[in-house]
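Here is the structure we will look at, set down as structure tokens.
For ligands, and for the atoms within them, numbers begin at 1 and follow the listed sequence.
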Amino acid sequence: MSGMRPTGKLHLGNYIGALANWVKLQDSGQYDCYFFIADVHALTTDYADTSKLAENVLEVAFDFLAAGLDPKRSTIFVQSHVNQHFELPMYLGMISPLGWLERVPSYKEMQENLTNKDLTTYGFLGYPVLMASDILLYQAQYVPVGQDQQAHVELTRELARRFNNFYKLNRRDVLPEPDVLLTPSPKLPGTDGRKMSKSYGNTILLSDPEPEVRHKLKTMVTDPARVRRKDPGDPDKCPVGDLHKVFSSPETMAKVYEGCRSADIGCIECKGWAADALVQVLNPIRERRAQLKDDEVEAILKDGSRRATVRAEQTMKEVRAAMQMP
Ligand code: TRP
Ligand code: SF4
């Protein structure tokens, strides 16, 4: 079980940091996977303007499917379409000590960073309770996430333990403690050399047409030591070098190291090779995206949400019974 906030069209960073790994887990055939779009989570910070939310949910769904998530093999759904995502947080909230919530690292960090938003809300403090509920509703064993989400899964385990201590069903625990499946996250720089992020405006989108990808690569920053063509550079100090490490073959990598350090190749040529490697990954994704129609994607989400509801209700029956709620 894993989820993503609906940030609009996804970029390469989202793909490498999450989506590609989800597809791999799905394709391994070893897991019964649930992947969802966390639109209620979006409200915890973006409650003041909801005008783009529905559109962003649909864009993310397009990218999920284009990247290879398959509704025949995985349950793909929208959080707010499954009512149990509103019920469990209420019950878990009753047993969530304020101190636990205030101690989650992202709580203070985001309050300090997003100074243009008032995050002193009940909803924002409750973010980890919402996330714990997402996971526990499916009695998930594994949660594939990046390191930034690890503390949230840890809190999920603590809340499950606390719940199981208070309430039992036929002397048995209802909520299993999930484990993190840490996503290996290689450094993925954006076009300005900083971490690729929508808020920096330095992204390469999964849906960018090939000429756009090539243009973005051309304007990408390089090793600052290579001022002139004859100056040698170092791919380990260059954002384009970092892209090569993620996407290029060992043969290309060898040419990049050799050619850059000896100033045998120019940055334009090197960036062309990086663009070739990127385009090889992105073209099939963009082509699959172009085949999809709005109503088809909406029907997939509707069916996924129906299946998720069945599974979540199974857990809620146990939760209510354990809590002796009518
Ligand atoms: N908080 C996660 C993020 O910002 C998204 C998320 C919400 C999630 N609920 C989840 C991830 C449940 C895994 C499991 O990326
Ligand atoms: Fe970066 Fe390639 Fe230029 Fe070297 S040759 S500085 S790796 S873009």
Next item on the list: Assess whether side-chain contact (heavy atoms from CB on, under 4.5 Å) is satisfied between Asp39 and Asn56, documenting all intermediate values.
Entry: CA-CA 9 Å; Asp39 58 346; Asn56 287 348; over 6 Å; no
Next item on the list: Let me see the working for Asp148 and Ser106 under side-chain contact (heavy atoms from CB on, under 4.5 Å), right down to the final yes or no.
Entry: CA-CA 8 Å; Asp148 61 320; Ser106 60; over 6 Å; no
Item checked: Verdict with reasoning, Ser133 to Met90, per side-chain contact (heavy atoms from CB on, under 4.5 Å) -> CA-CA 9 Å; Ser133 304; Met90 180 59 82; over 6 Å; no
Notebook entry, point to check: Hey, which protein N/O/S atoms does atom 3 (Fe) of ligand 2 have under 2.8 Å?
Noted result: Cys267 SG
Next item on the list: Kindly say whether the aromatic ring centers of Tyr47 and Phe124 come within a distance under 6.0 Å.
Entry: no
Checklist line | Sorted by chain and number, the residues that approach ligand 1 to under 4.0 Å with a heavy atom | finding: Ser2, Gly3, Arg5, Phe36, Ala38, His41, Tyr127, Met131, Asp134, Ile135, Val143, Val145, Gln149
Checklist line | Side-chain heavy atoms of Leu12 within contact of Thr203, under 4.5 Å | finding: no
Notebook entry, point to check: If you measure from CD1 on Ile300 to CG on Leu292, what distance do you get to the nearest 0.5 Å?
Noted result: 6.5 Å
Next item on the list: Any chance you could measure Asp242, atom CG, to Asp236, atom CG, to the nearest 0.5 Å?
Entry: 8.0 Å
Next item on the list: Apply the test ring pair (Phe, Tyr, Trp, His ring centres under 6.0 Å) to residues Tyr138 and His85: give CA-CA distance (whole Å), side-chain angles for both, the deciding distance (0.1 Å), then the verdict.
Entry: CA-CA 11 Å; Tyr138 301 90; His85 284 271; 5.7 Å; yes
Notebook entry, point to check: Of Phe35, Phe77, Trp22, which meets ring-ring contact (aromatic ring centres under 6.0 Å, His included) against Phe64?
Noted result: Trp22
